[in-house]
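Here is the structure we will look at, set down as structure tokens.
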There are 2 protein chains.
Amino acid sequence: MEEVERIKKQKELIEQIGREHEREGFQPVTARILGLLMVMDKEEYTFEEIVEEMQISKSSASTALKNLEIRGIVEYITYPGDRKRYFRFVSGEIDGLIDEMENKLKRNLVIINQIIELKKDPNSRNSNFLKTISKGMELFIKNLDNLKIAYKKEQ
Amino acid sequence: MEEVERIKKQKELIEQIGREHEREGFQPVTARILGLLMVMDKEEYTFEEIVEEMQISKSSASTALKNLEIRGIVEYITYPGDRKRYFRFVSGEIDGLIDEMENKLKRNLVIINQIIELKKDPNSRNSNFLKTISKGMELFIKNLDNLKIAYKKEQ
DNA sequence: AATTTGGTTCGATAATTACCGAACTAAAAA
DNA sequence: TTTTTAGTTCGGTAATTATCGAACCAAATT
């Protein structure tokens, strides 16, 4: 693939990642900055470079990056004798991703169990269905730990 | 628990489910209707009852219910000699939930593989990290099928 | 000590989205 | 055949959210 073509496709991917992450509750600019830091060959961008590249205001960049940092998705490093922050995509352990999924599942499980507890008729249609869902989710969550171990072996 | 207290808690849960589902891209009204159909003891609501209960316009109810239906989360049934639609929470197979998760994972996997393919340096920091993520996700997706089988046994 | 660099914070505005009301429709009932 | 019921569709408005610009700050440089 030609260089120009490749870079064009990378930009398209940024947009796609952007849309995907908007659906997870990120704001447009934030989602696209994340895409930038994931797909481009340059993997460390300064604040100014991000502002420049994305054509956004400093304030937007500031809040977006703060959000990404708080969520543990992006981090910055500094180099001695250089006051700039170099932002990059956090490449932590895969465990982190599983934990995230596990937490979300657990949150939902709590809600489902609450619904069940508050039902007047414990054998109503929804009660019964929610009970099987609840059991299923518990089983699932247990298996996530096994998966973590399986990953480690694989590597 | 007293009846009044119980119902109060159910209403709170509707709100909570509402917020949780807004983060999945549902609009507020839609998310709360879903909550209503999940938590209340009355598990079949007519269009009019939903309008009444949620204090919303008929048009909002109409679009919200259509959305929930299209997504396969809510369905309606009719009774002979009664023109009204009775809406209720779909209580399908648990497989559906797993499939949903699987599809989302697969979509993300495609994107990640595209990022990797478009990298100039296949051994850059992000390239390497994304490769391990990609492998991990593949393993995960494979395991989902085993989980489906495990559920069936459990029951 | 004044200026520049590398940002942050906050109020205002632009853009988007959610929701409503009015007009409409198809089927059933009167 | 008219009216009522059970909704749907669509254009406009209200509410929300995203982004911006201006003012600001702390540390480094001149």
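Every value quoted in this text rests on a predicted model; they were computed, and no experiment measured them. So that the names make sense, note that chain A is the first sequence line, chain B the second, and so on, each numbered from 1. Heavy atoms only: backbone and side chains are in, while hydrogens, waters and symmetry mates are out.
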*Could you run through nucleotides 13-21 of chain D and give me one letter per nucleotide, 5' to 3': B if any protein heavy atom sits under 4.0 Å from the base, S if only the sugar-phosphate is that close, - if neither?*
-----SSBB
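The interatomic distance linking A/R83 (CZ) with D/dA27 (C1') rounds to 5 Å, in whole Å. Following rounding to the nearest Å, B/L65 (CG) and D/dT8 (P) show an atom-to-atom distance of 8 Å. When rounded to the nearest whole Å, the span between CD of B/E52 and C1' of D/dG7 equals 16 Å. B/F47 has its CZ atom 11 Å from the P atom of D/dT9, to the nearest Å.
Of the options B/I115, B/L139, B/N113, B/V110, a side chain to side chain contact (heavy atoms under 4.5 Å, CB included) to B/S134 is made by B/N113 and by none of the others.
Phosphate proximity of D/dT5 to B/R85: absent, as no side-chain N or O sits under 4.0 Å from OP1 or OP2.
A cation-pi arrangement, defined by a distance under 6.0 Å to the six-membered ring centre and an angle within 45 degrees of its axis, is present between B/R85 and B/Y76. The cationic atom of A/K84 (NZ for Lys, CZ for Arg) does not lie both less than 6.0 Å from the six-membered ring centre of A/Y86 and within 45° of the ring axis. Annotation: cation-pi pair A/R71/A/F26 present, NZ/CZ under 6.0 Å from the ring centroid and within 45° of its normal.
A salt bridge between A/R6 and A/D41 is present, with a side-chain N of the basic residue lying under 4.0 Å from a carboxylate O of the acidic one.
When every heavy atom of B/S91 is checked against every heavy atom of A/F129, the shortest pair comes out as CB-CG, 3.1 Å. Heavy-atom minimum distance, B/I14 versus B/L36: CD1-CA, 3.8 Å.
Bracketed by its first and final contacts, the part of DNA chain C lying under 4.0 Å from non-hydrogen atoms of chain A reaches from C/dT5 to C/dC10 in 5' to 3' order.
Of the possible polar contacts, none joining the B/E53 side chain to the B/I50 backbone as a donor-acceptor pair under 3.5 Å is found.
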